[in-house]
Amino acid sequence: MLPPLVFALFEGDSAAVAGFVTAIAALLIVALPCSLIKRGTGTLGARDGCVTVAFAWIVMSLFGAIPYYASGAISSVSNAIFETISGFTTTGTTIFADVEAVPKPILLWRSITNWLGGMGVLVFLLAIIPMAREGGAMYLLRAEFPGPMAGKLVPRMQKSAKLLYEIYILMTVLLLILLSFAMPVFDAVNISLTTVSTGGFAVKNDSLMSYSRYAQIVTEVFMFLCGVSFSIFYCIVAGEFLRIKRNREFRVYAFVILAAALLLGLSCINSFDSTGDAIHHSLFNSIAVISTTAFVTVDPKLWSDFAKAMFVVLMLTGPMAGSTGGGIKLSRIMITLKSTYRNLARTIVPNSTHLIHQDGDIVDEETVSTVNSFLVAYAFFAVVSAVLLSLEGISFGEGVTAAISCMGNVGLGVDASTFSMGVAHTSVLSKLVLCFDMFLGRLEIFPLLIVFAPGTWRK
């Protein structure tokens with residue numbers, strides 16, 4: 001919170017200064033006594049890692065809401081918490097009706113929450129704290145890092161975490177430099193923070209519509225890159241190009257984007273002034289949705305019903321595992337399709353042997369089972385969320401879309417005409433449901449559900 005506090009002092013915004021000072025004081029009052037507690041000698045297990053990550057994100061979101069409420073930028077506690085959770089989980093939907101009227105230090109804090117949540121706060125801690133040991137640290141990484149098969153990039157756990165953040169920071173700085181040529185520095189800083197995290201918080205009410213074509217294309221490229229697994233970037237740095245060539249998920253990711261953009265362009269070509277505009281906006285918005293950044297470059301009213309249905313599909317799939325994006329992840333979709341084909345083959349030829357391969361390696365049965373369970377849980381919570389949202393008067397279809405949007409950490413809304421979530425005036429129950437969905441999506445369901453399992457709390 002120090003950078004936005006310093007910025008608030010520079011801006012002379014006394015309300016924002018008071019908000020950040022209050023939040024920092026509250027953090028110190030809680031944290032300093034905790035730092036005196038003697039650290040145990042045991043190591044973290046898988047259960048401990050999930051519980052630690054789940055509670056860390058909940059507590060972090062509660063403290064992160066203080067600047068909004070204490071500064072007066074948000075007058076409702078529930079709205080302040082929703083905005084913070086939306087930021088840290090990189091969902092990017094906002095309760096602000098007029099973003100441009102929000103004080104700049106508060107906007108900067110919104111963008112920082114996106115950036116911290118993109119790679120993972122505990123991954124950041126693993127990169128800098130000296131106590132990051134192999135035993136427990138790996139369980140923290142697995143619980144927080146997106147994808148069905150999280151693993152270390154290099155043998156040492158702490159070095160893996162540092163490498164992830166080095167790549168992350170480098171991409172942020174590079175994007176900031178490129179955007180600075182096309183917009184004010186403040187805008188460039190915020191868009192850089194929210195693009196590499198695939199969070200999508202904007203500082204203008206029209207998202208990216210009013211920026212130049214150059215700015216949109218640069219942002220488009222980085223949204224695509226941040227939907228790519230960070231292991232790909234490690235392979236580039238390490239010169240392991242054979243691993244990139246073997247990565248089928250990357251080829252599927254690129255193919256899905258091109259296919260979606262082509263279908264979107266063909267279905268809405270008459271809505272644009274030229275074929276070039278149709279190509280640009282179709283490609284940009286396809287990348288924006290599948291990467292779960294959800295920036296917008298064109299009035300959503302121009303999209304056909306088919307295009308909106310395509311967006312829902314892209315929200316579901318998400319980008320590559322190991323990226324900063326949300327959604328189910330393409331690797332899970334691929335494993336599920338191969339598992340379905342295997343079951344069909346076994347029905348045709350009983351007792352036949354069919355192994356599931358991913359990038360030349362055999363996927364173990366435990367991973368296949370976990371992926372299938374993940375998809376069942378994903379569908380279950382989408383339906384339950386829609387039923388609960390119907391108490392607010394939201395139709396079942398819109399409720400499912402809202403749940404998919406929040407669980408996928410996308411942020412596209414239930415109102416198809418504006419793509420706005422419109423949650424500022426909904427009930428506390430609806431906000432609670434959507435907040436739970438955002439946590440479910442960011443922590444990929446199981447680390448959060450483990451907290452509610454009775455067996456978790458037994459010795």
Side-chain angles (χ1 to χ4, degrees), residues 53 88-90 114-128 132 137-176 192-200 219-254 256-257 287 290-293 317-334 358-359 361 367 408-409 441-444:
V53 167
F88 279 126
T89 60
T90 70
N114 259 183
W115 191 82
L116 284 172
M119 183 58 67
V121 176
L122 297 190
V123 174
F124 176 69
L125 290 179
L126 292 178
I128 63 173
M138 189 60 204
Y139 292 117
L140 292 175
L141 179 65
R142 284 175 177 168
E144 190 176 53
F145 201 62
M149 297 176 287
K152 295 180 287 187
L153 299 182
V154 293
R156 287 183 56 82
M157 182 66 252
Q158 191 174 29
K159 191 173 181 181
S160 287
K162 286 182 178 178
L163 181 60
L164 286 171
Y165 257 95
E166 285 170 359
I167 297 171
Y168 195 54
I169 292 171
L170 177 63
M171 293 180 70
T172 306
V173 173
L174 181 58
L175 178 57
L176 171 59
S192 298
L193 293 173
T194 60
T195 298
V196 296
S197 62
T198 64
T219 305
E220 176 183 351
V221 170
F222 275 82
M223 285 193 299
F224 173 83
L225 292 176
C226 292
V228 173
S229 172
F230 273 64
S231 64
I232 297 288
F233 300 122
Y234 168 74
C235 292
I236 293 174
V237 172
E240 299 179 6
F241 298 105
L242 182 60
R243 285 179 60 185
I244 299 175
K245 185 179 179 180
R246 290 173 54 195
N247 194 303
R248 184 167 294 180
E249 187 185 13
F250 177 75
R251 297 198 294 272
V252 171
Y253 174 59
V256 169
I257 288 174
I287 295 174
I290 195 172
S291 69
T292 71
T293 313
T317 64
M320 294 178 64
S323 67
T324 58
I328 292 173
K329 304 294 186 303
L330 288 169
S331 61
R332 286 194 180 96
I333 301 293
M334 294 165 65
Q358 193 85 319
D359 301 335
D361 299 321
T367 299
N409 303 134
R442 180 57 185 86
L443 300 182
E444 306 223 304

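Remember, predicted model here, so these are calculated numbers, not experimental data.
- Two residues are said to be in side-chain contact when any heavy atoms from C-beta on lie closer than 4.5 Å; Tyr253 and Pro319 meet this criterion.
- With rounding to the nearest 0.5 angstrom, the CZ atom of Arg246 is 11.0 Å from the CD atom of Gln358.
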Item to complete: Decide yes or no on side chain to side chain contact (heavy atoms under 4.5 Å, CB included) for Leu193 and Asn114, but give the supporting numbers first.
Response: CA-CA 7 Å; Leu193 293 173; Asn114 259 183; 5.9 Å; no
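- One finds the OG1 atom of Thr198 at 12.0 Å from the CD1 atom of Ile290 (value rounded to the nearest 0.5 Å).
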Please list, one pair per line, the donor and acceptor atoms closer than 3.5 Å that link side chains of residues 220-227 to other protein atoms, with sequence neighbours excluded.
none

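- Taking CD1 of Ile257 as the start and OG1 of Thr317 as the end, the distance is 9.0 Å to the nearest 0.5 Å.
- Nearest heavy atom pair, residue Lys329 against residue Met320, reads CD-O, 3.5 Å.
- A heavy-atom distance below 4.5 Å is found between the side chains of Ile167 and Met171.
- Between Phe230 and Phe233, the angle of the ring planes goes over 60°, which puts this pair in the perpendicular group of the 30/60° scheme.
- The heavy-atom pair separating Arg251 from Lys245 by the smallest distance is NH1-O, 2.7 Å.
- The nearest pair of heavy atoms linking Thr195 to Thr219 is OG1-CG2, 3.7 Å.
- For the pair Val196 and Thr324, the minimum side-chain heavy-atom distance is 4.5 Å or more.
- Remark: Ser197 pairs with no residue by the side-chain hydrogen bond (donor to acceptor under 3.5 Å, both in side chains) rule, at least two apart or across chains.
- Residues satisfying the side-chain hydrogen bond (donor to acceptor under 3.5 Å, both in side chains) test with Thr293, not counting sequence neighbours, are Ser291.
- No side-chain donor-acceptor contact under 3.5 Å links Arg248 to the backbone of Met334.
- Summarising the geometry of Ile244 relative to Cys235, their closest heavy-atom pair is CG1-CB, 3.7 Å, with the distance given to 0.1 Å.
- Summarising the geometry, atom CH2 belonging to Trp115 is positioned 13.5 Å from atom OG1 belonging to Thr90; distances are rounded to the nearest 0.5 Å.
- Of all heavy-atom pairs spanning Leu116 and Tyr165, the tightest one is O-OH, 3.7 Å.
- Residue Gly326 comes nearest to Thr292 through the heavy atom pair N-OG1, 3.0 Å, listed as atom of the first residue, atom of the second, then distance.
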